[in-house]
Structure formats: C-alpha cells, structure tokens
Amino acid sequence: MRITQISIFAENKPGHVTAPFRLLADAQINIRALSLADSKYFGILRMIVSDSKKAAELLKEAGFLVKVTEVVAIQVPDVPGGMAGVMDALNGTSINIEYMYAYPFKAGEKAMLIFRFDDPDAAVRKFQEAGITVVGQEEL
Amino acid sequence: MEVNKTCFHPVSALDYIPRTELEQLQFARLRRIVQRAWDKVELFRSRMEERHVTPDDIQSVSDVAKLPFTLKSDLRDTYPFGLFASPMQDIVRLHASSGTTGKPIVVPYTQKDLDVWSSVLVRAFAACGLHEGDVVQNAYGYGLFTGGLGAHYGAERLGATVIPISGGNTERQLMVMSDFGVTAITCTPTYFLHLIDRAQNMGIDLRKLPLRAGVFGAEPWTESMRQRIEQEAGIKAYDVYGLSEIIGPGVAVECTHQNGLHVFEDHFYPEIIDPETGNVLPDGEEGELVLTTLSKEAMPMLRYRTRDITSLSTEPCPCGRTIRRMRRITRRSDDMMIIRGVNVFPSQIESVLLSIENTLPHYQIILTRHRGLDQIEVQVEVTADMFGDTVGALQSLQDKLADAIERVLLIRVQVTLVEPRTIPRSEGKARRIIDRRSL
C-alpha cells in the first residue's frame with residue numbers, strides 16, 4: 001500500500017516555487033497534500049497530486065528536476081492523541097522516518113499523515129497490526 | 001617500429017622524418033624567418049637590437065633562445081597591422097581573436113600561410129584516424145575565429161565531406177549528426193558536452209550513431225572530461241591545440257595513442273620556459289610553452305609566450321611519429337586564481353567534479369571577498385541521478401563534493417547545488433569563473 005509522491009528540487013531563492021504550481025493549475029491537476037522542506041541553499045517541494053504521471057511529465061518537460069517516489073499514507077482521527085497512537089505503533093522497531101507531513105482530511109474529521117520510511121513494508125505491517133488505516137492511491 | 005598505416009597520409013611524411021633531418025630543416029627555416037622578421041617588422045628588429053642580436057647570431061636551432069619573447073600585449077599594442085611582414089596585396093585573409101580582454105588580435109595569412117595551415121590540419125586529422133570518406137561535422141564557429149575555417153579547409157583537403165554547420169543551434173546539430181551519417185565532429189569539448197546533454201534530453205543515443213571521433217580544441221580540457229565524452233558518446237575524443245597568434249588550430253594534435261600531442265615542429269618550434277625567469281627548461285620539465293613560427297609569411301612570430309603550461313617529450317611514440325609530443329594542456333599560467341594565498345586552477349576543480357560519480361561538469365566558480373577573506377563558491381547543477389528526494393542525501397552530496405575539492409586544493413569551498421539549466425551554457429568557450437572580488 002503505497003501512494004505516489006512527486007518531489008521537485010528548488011533553489012532557495014524567492015519565486016522559485018511559483019512556476020510548478022502555475023503549471024499544475026493550468027493542467028487542471030489538483031494538489032492533495034504538500035510540503036516544502038528547506039535547507040540553507042535549496043529546498044525540496046513534495047506533493048501528492050490528482051494525476052502524478054501527468055504532473056511528473058509536465059514538470060520534467062518544463063525543465064524541473066522531478067523525482068517520483070512511493071510514500072505511505074495513513075488516516076487517523078483528528079483528535080488529541082491521534083499522532084501519539086501512530087508513533088506507539090512504531091515503537092520498539094528499527095523503522096526510521098525519513099520525513100513526514102500531515103494534512104486534514106474529510107473536513108476536519110480525520111488527518112492524513114504522509115511518511116517516507118527507510119523500510120516502508122515493515123511500517124505498513126506495523127500500522128495494520130495496530131489497526132491504523134493505511135490509505136491507497138484510489139482513496140485519496 | 002610499426003607505423004600505423006591508417007594514420008599515414010602523403011602530406012604527413014614530415015611527421016616521421018629522422019630527428020637529425022628535422023633539425024636541419026628547422027634550422028634552415030629559423031634562419032629565414034628571423035631574417036624576415038628583422039627585415040620587415042619594426043618591433044622585432046628593435047627588440048633584437050636591444051639584446052644585441054642580429055639574424056647572423058642564429059647558428060643552430062638552440063640559438064632561438066637568444067631571441068626576444070613576444071607577448072600578447074605586443075600584438076595589442078601594435079593593433080591592427082603593426083606586426084605584419086607582408087603587404088596587404090599579398091594577404092588573402094584576415095582572422096581575429098575574440099577580443100574578450102580588449103582589442104582583438106588580427107591574424108593575417110598569405111596564400112602560402114593558408115596552404116601550410118591546411119597541411120598541418122590534414123596531418124592533424126590523419127593522426128586522429130580520420131581519412132578520405134569521413135563525414136565531418138564542423139561545429140567550430142565560422143567567421144573571424146580561426147577554428148571554423150581552419151578545420152573546414154583541413155578536413156576538405158583530407159578528402160573528407162565537410163558539413164560547415166558552425167557553432168550553436170544545438171538541436172539542428174543533433175538532427176544533422178543523426179541524419180547525415182556524420183563520422184567525426186570538430187568543436188570545443190565544452191560544446192560537445194552540451195551536445196551530449198541535449199541528446200540525452202531528446203532521447204538520442206549518440207553511441208548508436210556512426211559518429212566515431214571528435215577532434216576537440218580551443219580550450220583546455222581534462223582527462224576525466226575525455227572519459228566522459230568517450231563513454232557517453234561512444235567515440236574517441238582527440239585533443240587538438242592551436243592559437244590564432246601562431247596559425248589557429250593545428251599546432252599540435254594527439255595521435256590515436258592519445259598520449260600527448262605531437263607538435264608540428266617543422267612549422268612551429270616549441271620551447272618550454274620557466275614563466276618566472278624566462279629560462280629555457282629541458283625536455284620533460286613543466287613550464288610555459290613558447291612557440292616560434294618557422295614558415296609563417298604574413299605574421300612571423302618569434303618566441304611567442306602562450307601562457308599554456310605543459311612539458312615536451314622526446315620519448316618515441318608507438319605511432320612512429322618523430323615529432324615531439326607535448327603533454328595535454330589543462331591549465332594556463334594566467335588562468336590561475338590565487339585564493340587565500342593558494343594557487344587554484346579551474347581545471348583542478350573540474351577534475352574533482354568529474355571524478356565524483358554521476359556529476360555532470362556543468363559548474364561555475366564564483367569568487368567573492370568577505371571581510372578581506374576570499375571565498376570560493378562552486379555552483380553545480382543537480383542532475384536527475386543526483387536528486388534523491390531527501391534533504392540529507394543532497395546535503396551529503398554537497399559535503400562529499402566540498403570534501404573532495406578540499407583534498408585537492410587544500411582550501412574549503414562552498415558547494416551550492418543549483419537547478420538544472422541555470423548555469424549559462426557556452427556555445428563556444430566556457431566561462432567558468434565569475435570573479436566578484438573588488439581587488
């Protein structure tokens with residue numbers, strides 16, 4: 001159970017992330033989730049979009065450095081303690097979170113968490129054992 | 001010793017003459033050219049008089065060391081025609097250097113000079129294994145720059161089919177290369193790397209084309225650049241050397257053994273000097289290349305200081321050529337940057353970048369000064385292979401590059417990863433250094 005994520009390399013300069021959004025807007029591609037990781041000199045823009053294949057193609061054609069990766073998405077109740085429960089499921093394992101980001105889902109009832117793990121298969125197993133809903137591409 | 005027959009061409013007979021005969025020829029030609037310079041060019045005569053030297057003092061080839069040096073500034077100071085030794089009615093063509101550092105240098109040719117130029121290029125192309133029937137895409141710029149027309153006439157005289165496409169218009173270059181059965185290309189090595197890049201983008205696999213050789217020159221390049229070109233384009237990449245002050249491309253060239261460039265020393269007499277003292281160094285030692293033209297009519301050049309750093313070798317080459325070889329030039333004495341007291345050559349940084357796996361050599365060096373301290377920033381374009389989606393992976397790549405450069409230069413540089421296609425591409429010579437220091 002993985003979902004497709006698109007990452008774009010961007011220099012840490014004003015205006016450098018405007019163009020990809022305009023490109024997706026013009027192609028009627030919807031952005032479901034988004035995160036911008038930054039370091040001192042560069043950033044990585046990560047997105048879950050309605051049509052990853054088309055988005056990746058368009059962005060590559062426009063000259064962006066695009067990486068398509070598989071990430072794990074889970075759904076948790078949007079209540080206090082929701083996140084702590086997720087982390088509990090991974091405790092005692094050697095699974096490492098490379099990065100994660102979250103966004104509200106279904107009008108505030110649920111939260112969607114996107115993870116990149118070093119061992120995604122093991123993480124998915126742990127989540128399922130703990131009864132946490134792992135989301136597939138079609139459910140987004 | 002076996003002579004490589006495929007390299008042999010009637011015109012190249014002088015490549016193989018015994019050294020004693022070669023030296024006799026050089027001596028006879030040197031006497032004649034010094035006399036011509038003395039008779040026809042005011043600057044040469046006055047410089048020789050200052051040193052109390054007359055043409056009669058040339059009694060052997062090694063007496064060339066008695067002659068005064070000629071500097072690039074002498075050519076500028078006598079702009080445009082001050083060093084001409086032929087009247088304009090005998091001059092059939094004028095070329096000029098790019099003039100990026102001021103007034104250009106004007107280069108005149110008599111018909112005989114053009115014939116010599118073509119003949120050395122025929123020998124150069126033959127040394128690279130080119131022959132009659134080859135289809136040569138000449139992507140050197142046509143015009144005042146000597147590269148385009150020089151290579152053009154040389155390849156034509158060799159018996160090849162020449163495509164005079166000139167520089168630029170990369171997509172058309174690739175279309176022609178794919179469709180016209182091109183077997184050899186001539187251009188700057190940087191431009192060829194650019195062609196490789198664009199070909200990959202356009203989904204053209206250069207290795208599948210009939211292209212088998214490239215004769216690259218007009219700028220210093222490195223062994224690792226050669227490896228990359230040869231691997232990614234599936235060709236043999238040869239280094240050709242020349243400079244417009246002397247004749248243009250065709251002063252020296254690699255043979256198929258790719259181990260140093262054979263200098264056509266029956267026309268261009270090479271010496272290696274210590275750039276600080278001006279003393280002549282023995283064969284094998286590294287120093288600045290100094291060239292004396294032995295047959296040029298329109299503008300003879302006495303001991304021209306090229307600023308190119310190399311060494312000369314008399315070791316016999318397996319190809320059988322008796323003319324000396326010079327080590328490939330990877331740096332110029334005036335390219336040198338002095339950063340925090342350390343001598344740095346762009347080619348050193350380039351070699352490091354190329355040695356790191358998956359790094360394309362699109363880079364730029366930016367020099368700044370912060371509170372009196374020189375800073376070097378090396379901007380490197382990120383490629384799809386390098387981009388690994390995590391910040392950590394990119395940061396460790398930055399560190400890896402900075403560490404590798406530090407090991408060579410002994411100073412820390414800032415490596416900055418930049419977006420693809422943001423460093424200006426050169427259609428001709430690469431501009432690798434941006435110096436923002438106000439000195």
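In the text below, chain A, chain B and the rest are named by the order of the sequence lines, each starting its count at 1.
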Inter-chain polar pairs, chain A versus chain B: which donor-acceptor atoms lie under 3.5 Å apart?
residue, atom, partner, partner atom, Å
Ser7(A), OG, Asp389(B), OD1, 2.4
Glu11(A), N, Glu419(B), OE2, 2.7
Glu11(A), OE2, Glu419(B), N, 2.8
His16(A), ND1, Glu419(B), OE2, 2.6
Tyr41(A), OH, Gln414(B), OE1, 3.1
Arg46(A), NE, Asp389(B), O, 3.4
Arg46(A), NE, Asp389(B), OD1, 3.1
Arg46(A), NH2, Asp389(B), O, 2.7
Lys67(A), NZ, Phe387(B), O, 3.3
Tyr99(A), OH, Asp389(B), OD1, 3.3
Tyr99(A), OH, Asp389(B), OD2, 2.6
Arg116(A), NH1, Asp389(B), OD2, 3.0

Output the distance between atom CE (Met83(A)) and atom CG (Asp88(A)), rounded to the nearest 0.5 Å.
10.5 Å
How close do Leu353(B) and Val380(B) get, counting heavy atoms only, and between which atoms?
CD2-CG2, 3.9 Å
Which answer fits Leu65(A), side chain, backbone, both or neither, if we ask what part of it has an atom under 4.5 Å from a heavy atom of chain B?
both
Do Ile235(B) and Phe192(B) come close enough that some side-chain heavy atom pair is under 4.5 Å?
yes
Going by heavy atoms in the side chains, are Ile376(B) and Ile405(B) under 4.5 Å from each other?
no
Does the side chain of Val215(B) reach to within under 4.5 Å of the side chain of Val136(B), using non-hydrogen atoms?
no
Centroid separation Phe127(A) to Phe115(A) less than 6.0 Å
yes
